[in-house]
Amino acid sequence: MKAKLISVLKYIFLCAISFLFLFPFLWMLFGSFKTNNEIWQKPYQLFPSNLDFALLLKNLQEIHLNGYLLNSFFVGCLGTILILLVCSMFAYAVVFLKSKNMDRIFVVVLITYMLPGAVTYVPSYIILANLHMLDKLTGLIFSYLANVFAVFYFRQNFMKTSVDFVEAAKIDGAGHWTILRHVILPLNISAFCSVGLLTFIQLYNSYMWPSIMLNSQEKYLISQGLRQFFIQDGAYGMNWSQVMLASTVAVLPVVLILIIAQKWLIAAISQDSGVKF
Amino acid sequence: MKKNTLARIGFSLPFLIPLFLFWIIPLISAFSISFTDWDYISPKFNFVGFDNYKDMFLDTDFLRALQNTFAFAFGTILPTIVLGFLLALIFQKAFGGSKLFQIIIFSPWITPAVAVSMVWSWIYDPEKGFANYLLALFGLGPSSWLQSSKTAMLAIIIFTIWKSVGWTFLFYIGALSQVPKSLYEASDVDGASYLRKLWHITVPYISPTTFFLIIVNLIQSIQVYDQIQIMTQGGPGGSTTTLLYLYYDKSFQNYQMGPANAVAIIILVIIILLSLLSNRVSKRFVHYE
């Protein structure tokens with residue numbers, strides 16, 4: 001009897017907590033169905049008075065987020081693929097091509113792990129300028145390639161992989177690239193998924209560094225685009241219903257990823273100290 | 001053997017080139033620039049020794065930013081750790097729907113800070129916002145939230161706790177699942193109460209996790225930027241200007257590269273000191289198996 005009561009209380013408590021955590025999202029989602037007048041006149045009403053999809057579509061066309069979304073997806077997808085490639089190769093060299101020098105290099109990487117990325121922004125900006133890669137999405141991707149977290153995560157997983165598989169492949173005459181591609185990758189596929197998803201989300205959400213190095217509006221990532229939209233009319237000229245819609249659209253891709261791929265994402269997060277974004 | 005050296009180089013260079021270009025060289029140059037008066041526009045600059053550092057400790061903007069950063073860090077970390085731990089305790093044993101609740105609590109962490117900051121700035125609106133509506137229900141308020149230098153930092157802290165507690169919470173769930181059941185069973189024989197077990201078994205056992213989480217959260221909160229840039233731009237009256245915001249303002253807004261990089265080096269030193277300190281403390285006090 002007592003156990004049952006505690007269980008019921010637990011569910012009530014968790015529902016209340018969940019509502020608290022979901023509230024800003026619900027507010028945003030329902031807000032995008034409201035007209036601007038409705039938002040100002042009935043500010044405390046959560047549900048919109050009617051679900052007007054025509055208005056939603058009209059607003060969707062007016063907010064012009066497509067270009068920003070496309071940029072974010074480009075940086076997110078290409079960046080993730082390249083980071084997976086570059087970092088898994090390096091981790092492979094650290095684990096399976098062990099040598100004194102590799103160990104020394106890895107110590108240097110280890111040191112950079114906890115350091116704040118933002119401290120490097122001014123010199124990184126100058127270096128990108130010298131490489132003629134400022135204000136370019138490819139330059140942004142290039143500057144994100146050395147993802148230390150990915151190297152750590154791969155290294156940990158590779159070390160658990162049995163060396164016997166690698167040795168057997170070597171005896172069969174396989175080169176290192178073949179071993180990485182056909183032995184290590186299939187055996188660590190969930191590590192690749194975890195790092196890939198987390199990296200995509202980090203790239204998609206990134207804001208400070210892109211807003212420093214991307215200056216032309218057609219290059220903006222989604223967060224910069226949102227901010228542009230947020231400030232252009234000033235606080236009181238603002239169309240809040242469109243702001244809510246724009247935020248909803250920006251949040252939607254990561255929420256979908258969370259729902260579909262929670263397993264991999266949570267595995268990666270419980271090992272990440274996610275420092276440089 | 002020669003072949004392996006070649007493979008090492010081939011497999012490492014694609015990672016090491018960006019690492020050097022965007023981590024190692026910038027760290028060294030940030031350090032060097034902090035001793036100059038470079039203004040970015042002109043090619044000429046002078047070495048000024050420790051002047052930038054000396055000026056900093058006389059500069060009220062910097063001292064306030066330092067104070068704001070620590071106020072923000074301590075204001076977010078303690079509630080994040082306590083809340084994350086208490087919430088995780090509920091999930092120590094799996095139950096129907098536990099995964100769904102976990103995902104909900106975690107969801108703010110992965111969403112873009114800019115998008116959710118915009119919604120929260122509406123929630124914080126002094127006249128029409130939901131935060132004041134809630135306060136009024138308890139007979140409190142109204143507060144001006146982001147628009148007053150007294151409450152702006154508090155508002156940012158509340159937002160940050162909402163956004164980031166889910167990560168700490170998930171980490172604690174992982175740590176709690178690794179506490180050996182045999183420890184609890186042994187104390188059940190002695191008839192220990194839940195709170196006793198919590199205090200004498202769970203808390204000590206997961207103390208390495210707690211230390212790790214405190215340090216990582218501290219390092220992250222020293223780098224807070226996104227929500228401040230959207231919600232307050234460091235205002236009102238500099239009350240939410242943190243060290244990183246000051247760095248951005250000095251460097252990319254005012255082109256005072258010397259003083260800006262001196263701020264960067266101070267941020268770096270603080271983080272290195274904290275990491276070293278945490279190593280020390282954890283070796284002395286934290287329980288390891």
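Naming convention: chains lettered A, B, ... in sequence-line order (proteins, then strands); numbering from 1 in each chain.
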Task: Where A:Ser223 and B:Val114 come nearest, the two heavy atoms and their spacing - done: O-CG1, 3.5 Å
TODO: Report yes if the distance between the aromatic ring centroids of B:Phe252 and A:Tyr125 is under 6.0 Å, otherwise no.
DONE: yes
TODO: Apply side-chain contact (heavy atoms from CB on, under 4.5 Å) to the pair B:Thr111 and A:Asn205, showing each step before the final yes or no.
DONE: CA-CA 7 Å; B:Thr111 49; A:Asn205 288 352; 5.8 Å; no
Task: Rounded distance [0.5 Å steps], CE in A:Met102 versus OG1 in B:Thr5 - done: 11.0 Å
Task: CZ on B:Arg8 to NZ on A:Lys98, rounded to 0.5 Å - done: 10.5 Å
Open item on the list: Less than 4.5 Å to any heavy atom of chain A: does that hold for the side chain of B:Ile173, its backbone, both, or neither?
Closed with: neither
Open item on the list: If we define contacts as heavy-atom pairs under 4.5 Å, which of B:Gly97, B:Pro108, B:Ala175 has the most with chain A?
Closed with: B:Pro108
TODO: Examine whether an atom of B:Leu100 lies under 4.5 Å from a heavy atom of chain A, and if so say whether it belongs to the side chain, the backbone or both; otherwise answer neither.
DONE: neither
Task: Heavy-atom contact with chain A under 4.5 Å, split by part of B:Ile24 - done: side chain
TODO: Look up atom CD1 in A:Ile17 and atom CG in B:Leu86, then write down how far apart they are to the nearest 0.5 Å.
DONE: 10.0 Å
Open item on the list: Between A:Leu226, A:Leu145, A:Ile111, who has the most heavy-atom pairs with chain B when the cutoff is under 4.5 Å?
Closed with: A:Leu226
Open item on the list: With chain A as the partner, which of B:Ile265, B:Ile215, B:Leu27, B:Ile105 has the greatest number of non-hydrogen pairs under 4.5 Å?
Closed with: B:Ile105
Task: Interface residue of largest heavy-atom contact number with chain A, from B:Tyr172, B:Trp120, B:Phe20, under 4.5 Å - done: B:Trp120
Open item on the list: Does any part of the side chain of B:Pro112, heavy atoms only, come nearer than 4.5 Å to the side chain of A:Ile222, both counted from C-beta?
Closed with: no
- [ ] Determine whether more than 12 heavy atoms belonging to other residues, nucleotides or ligands lie under 6.0 Å from atom NZ of A:Lys10.
- [x] yes
Open item on the list: Out of B:Ala30, B:Ser117, B:Ser107, return the one with the most heavy atom pairs under 4.5 angstrom to chain A.
Closed with: B:Ser107
Open item on the list: Are the side chains of A:Val148 and B:Leu19 in contact, using a 4.5 Å heavy-atom criterion?
Closed with: yes
Task: Under 4.5 Å from a heavy atom of chain B, the part of A:Leu14 involved - done: both
Task: Interface residue of largest heavy-atom contact number with chain B, from A:Ile257, A:Leu97, A:Val254, A:Leu128, under 4.5 Å - done: A:Leu97
Open item on the list: Need one label for B:Gln102: side chain, backbone, both or neither, based on atoms under 4.5 Å from any heavy atom in chain A.
Closed with: neither
Task: Leading residue by heavy atom contact count with chain B [cutoff under 4.5 Å; candidates A:Phe23, A:Phe96, A:Trp177] - done: A:Phe23
Open item on the list: Can you tell me which portion of B:Val263 sits under 4.5 Å from chain A's heavy atoms? Options are side chain, backbone, both or neither.
Closed with: neither
- [ ] Please state whether the side chain, the backbone, both or neither of B:Gln233 comes within less than 4.5 Å of a heavy atom of chain A.
- [x] side chain
Open item on the list: To the nearest 0.5 Å, what is the distance between CD1 on B:Ile28 and OG1 on A:Thr120?
Closed with: 12.0 Å
Task: Closest heavy-atom pair and its distance - A:Trp27, B:Val119 - done: CD1-CG1, 4.1 Å
- [ ] Go through A:Phe142 and B:Phe22 one step at a time and tell me if the ring-ring contact (aromatic ring centres under 6.0 Å, His included) criterion holds.
- [x] CA-CA 9 Å; A:Phe142 185 47; B:Phe22 301 109; 5.4 Å; yes
- [ ] Find the one option among A:Leu22, A:Asn101, A:Val94, A:Ile212 whose heavy-atom pairs under 4.5 Å with chain B are most numerous.
- [x] A:Ile212
Open item on the list: Do A:Met28 and B:Trp122 make a side-chain contact, defined as non-hydrogen atoms from C-beta onward lying under 4.5 Å apart?
Closed with: no
- [ ] Go through the atoms of B:Ile271 and report whether side chain, backbone, both or neither lie under 4.5 Å from a heavy atom of chain A.
- [x] side chain
TODO: Report yes or no: does B:Asn261 contribute a side-chain atom to a donor-acceptor pair with the main-chain N or O of A:Val122 at less than 3.5 Å?
DONE: no
Open item on the list: Please classify the contact of B:Ile222 with chain A as side chain, backbone, both or neither, using a heavy-atom distance under 4.5 Å.
Closed with: neither
Task: Part of B:Ile17 lying under 4.5 Å from any heavy atom of chain A - done: side chain
TODO: Compare every heavy atom of A:Trp240 with every heavy atom of B:Ser121, then report the nearest pair and how far apart it is.
DONE: OG-CH2, 4.2 Å
- [ ] Show the numbers, then the answer: is there a side-chain contact (heavy atoms from CB on, under 4.5 Å) between B:Phe15 and A:Val109?
- [x] CA-CA 10 Å; B:Phe15 177 79; A:Val109 178; 4.0 Å; yes
TODO: Hey, could you give me the OH/CD1 distance between A:Tyr207 and B:Ile230, rounded to the nearest 0.5 Å?
DONE: 4.0 Å
Task: Structural part of B:Lys99 lying under 4.5 Å from a heavy atom of chain A - done: side chain
Task: Option that, when pairs with chain B are counted at under 4.5 Å, heavy atom only, ranks first among A:Leu180, A:Leu20, A:Val251 - done: A:Val251
Open item on the list: At a 4.5 Å cut-off on heavy atoms, which part of B:Ala113 comes close to chain A: side chain, backbone, both, or neither?
Closed with: neither
Open item on the list: What I'd like to find out is whether the side chain of B:Gln229 reaches to under 4.5 Å of the side chain of A:Arg227, using heavy atoms alone.
Closed with: yes
Open item on the list: For B:Ile123, which atoms come within 4.5 Å of any heavy atom of chain A: side chain, backbone, both, or neither?
Closed with: side chain
Task: Intermediate values then yes/no, side-chain contact (heavy atoms from CB on, under 4.5 Å), B:Tyr247 and A:Tyr121 - done: CA-CA 10 Å; B:Tyr247 169 71; A:Tyr121 284 170; 3.8 Å; yes
Task: Minimum-distance pair of heavy atoms, taken over all atoms of A:Leu115 and B:Trp23 - done: O-CH2, 3.5 Å
Open item on the list: So for B:Tyr40, is it side chain, backbone, both, or neither that comes closer than 4.5 Å to the heavy atoms of chain A?
Closed with: side chain
Task: chain B contact via A:Met208 - which portion, at a heavy-atom distance below 4.5 Å - done: both
Open item on the list: Quick check: do B:Gln223 and A:Val119 have side-chain heavy atoms less than 4.5 Å from each other?
Closed with: no
- [ ] Take the angle between the ring planes of A:Tyr11 and B:Phe95 and call it parallel below 30°, perpendicular above 60°, tilted in between.
- [x] perpendicular
- [ ] Find the distance between CD (A:Gln202) and CD1 (B:Ile110) and round it off to the nearest 0.5 Å.
- [x] 11.5 Å
TODO: Go through the atoms of B:Phe31 and report whether side chain, backbone, both or neither lie under 4.5 Å from a heavy atom of chain A.
DONE: neither
- [ ] On the 0 to 90° scale, with breaks at 30° and 60°, tag the A:Phe25-B:Trp162 ring pair as parallel, tilted or perpendicular.
- [x] tilted
Task: Nearest heavy-atom neighbours spanning A:Ser247 and B:Ala115 - done: OG-O, 3.5 Å
Task: Heavy-atom pair of closest approach, residues A:Ser18 and B:Phe101 - done: OG-CD2, 3.1 Å
- [ ] Check each of B:Ile270, B:Leu268, B:Leu243 against A:Pro116 using the side-chain contact (heavy atoms from CB on, under 4.5 Å) test, and report the only one that passes.
- [x] B:Leu268
Open item on the list: Quick check on A:Ile83 against chain B: is it the side chain, the backbone, both or neither that has a heavy atom closer than 4.5 Å?
Closed with: neither
Open item on the list: Taking every non-hydrogen pair under 4.5 Å, which of B:Pro26, B:Ser29, B:Ser12 racks up the most with chain A?
Closed with: B:Pro26
TODO: Measure distances from A:Val249 to the heavy atoms of chain B and classify the residue's part below 4.5 Å as side chain, backbone, both or neither.
DONE: neither
